[in-house]
Amino acid sequence: MASTSTPSSSFLYYPSDDPTNEVDEATDPKAEKLKNKPLSKDRLYVGNLHPTVDEYTLLTIFSKYGTIKSMDYLFHKTGPSRGKPRGFAFVEFADQSSAMSTLSALHDKLLRGRKLVVTFAHQATLPTTHAPGGKKRGADATKPTTLSLLKTGRGDG
């Protein structure tokens with residue numbers, strides 16, 4: 001299935017098995033970059049952060065293990081927790097060896113009463129978030145709840 005040149009599909013990219021069908025960078029400039037981008041072994045996921053842990057604290061702790069190229073500290077954008085930390089961040093190091101030493105040194109270590117979860121970013125499973133109205137998003141969205149099992153009568157087994 002190859003991409004067509006109609007206006008409605010100009011924003012879609014359909015990868016094909018045909019090696020002669022190249023991506024047109026004029027229609028999708030990010031597609032070529034994403035296709036050739038290897039898994040990053042220098043970007044770490046840092047989870048289970050206490051709400052009082054800020055960017056400065058993370059920079060202070062993680063810079064002991066190597067040069068930090070970038071850090072993404074995430075905040076809630078909407079809802080009642082708007083502006084508050086989401087409890088995780090991404091730290092990218094200048095080299096892979098620094099990331100490896102950080103991972104081995106800081107995974108499961110206590111920071112303000114919580115054990116840090118440090119893993120490679122491409123292996124991380126992000127925390128389940130809840131949409132407004134109590135609806136679940138993410139991997140747990142399709143799992144039945146106790147209440148739904150009781151309502152359907154499947155919970156009496």
Side-chain angles (χ1 to χ4, degrees), residues 9-15 23 25 27-157:
S9 66
S10 64
F11 296 104
L12 300 176
Y13 167 69
Y14 298 102
V23 176
E25 288 188 22
T27 59
D28 194 356
K30 293 182 181 177
E32 190 65 29
K33 291 178 187 175
L34 292 174
K35 190 168 85 170
N36 295 327
K37 187 175 182 181
L39 290 177
S40 179
K41 298 278 188 180
D42 54 2
R43 185 171 167 86
L44 298 177
Y45 164 84
V46 184
N48 198 29
L49 295 173
H50 191 276
T52 60
V53 174
D54 58 1
E55 300 98 326
Y56 179 76
T57 305
L58 286 180
L59 282 172
T60 304
I61 293 169
F62 282 78
S63 62
K64 294 176 185 176
Y65 298 95
T67 304
I68 295 176
K69 189 162 53 168
S70 70
M71 184 174 77
D72 298 319
Y73 188 84
L74 301 162
F75 295 91
H76 289 280
K77 291 183 179 180
T78 60
S81 299
R82 183 179 180 178
K84 294 181 183 174
R86 294 188 64 184
F88 63 95
F90 294 94
V91 179
E92 187 171 357
F93 284 90
D95 57 80
Q96 184 178 347
S97 61
S98 298
M100 285 294 295
S101 63
T102 304
L103 189 142
S104 61
L106 294 180
H107 182 68
D108 280 341
K109 297 296 182 203
L110 283 176
L111 177 62
R112 297 196 182 154
R114 291 191 179 184
K115 281 189 176 184
L116 289 177
V117 175
V118 181
T119 185
F120 289 113
H122 67 273
Q123 295 174 333
T125 56
L126 298 180
T128 304
T129 58
H130 294 275
K135 302 275 184 189
K136 294 181 186 177
R137 292 187 297 186
D140 291 336
T142 58
K143 290 183 182 176
T145 62
T146 305
L147 183 58
S148 66
L149 290 174
L150 290 173
K151 284 183 176 180
T152 60
R154 294 189 291 167
D156 298 331

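Below, all heavy atoms of this structure are taken into account, side chains as well, without hydrogens, waters or symmetry copies.
- If you take OH on Y73 and CZ on F90, they are separated by 13.0 Å, rounding to the nearest 0.5 Å.
- With sequence neighbours excluded, no residue forms a side chain to side chain contact (heavy atoms under 4.5 Å, CB included) with K109.
- Taking the side-chain hydrogen bond (donor to acceptor under 3.5 Å, both in side chains) definition, one finds that D54 meets it with T57, sequence neighbours left out.
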Please list every donor-acceptor pair under 3.5 Å in which a side-chain atom of residues 110-118 meets a protein atom from a residue at least two apart or in another chain.
residue : atom : partner : partner atom : Å
R112    : NH1  : T52     : O            : 2.5
R112    : NH1  : T52     : OG1          : 3.2
R114    : NH1  : L49     : O            : 3.0

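- Judged as a side chain to side chain contact (heavy atoms under 4.5 Å, CB included), and not counting sequence neighbours, the contacts of S70 are R43, E92.
- Every side chain to side chain contact (heavy atoms under 4.5 Å, CB included) that I68 has, sequence neighbours left out, goes to L59, F62, S63, V91, F93.
- In terms of the salt bridge (charged side-chain N to carboxylate O under 4.0 Å, His left out) criterion, E55 has no residue partners (sequence neighbours excluded).
- For the pair A89 and L58, the tightest heavy-atom approach, listed with the atom from each and the gap, is CB-CD1, 3.8 Å.
- In this structure, D95 CG and M100 CE are separated by 12.0 Å, a value rounded to the nearest 0.5 Å.
- When the shell of 6.0 Å around CE of M71 is examined, it contains more than 12 heavy atoms from other residues, nucleotides or ligands.
- Heavy-atom neighbours of F75 CZ from other residues, nucleotides or ligands within 6.0 Å: above the threshold of 12.
- To the nearest 0.5 Å, the span separating CZ on F88 from CG on N48 amounts to 12.0 Å.
- None of I61, L44, V46 except one satisfies the side chain to side chain contact (heavy atoms under 4.5 Å, CB included) rule with L106; the exception is I61.
- The shortest heavy-atom contact between S98 and S101 is O-OG, 3.0 Å.
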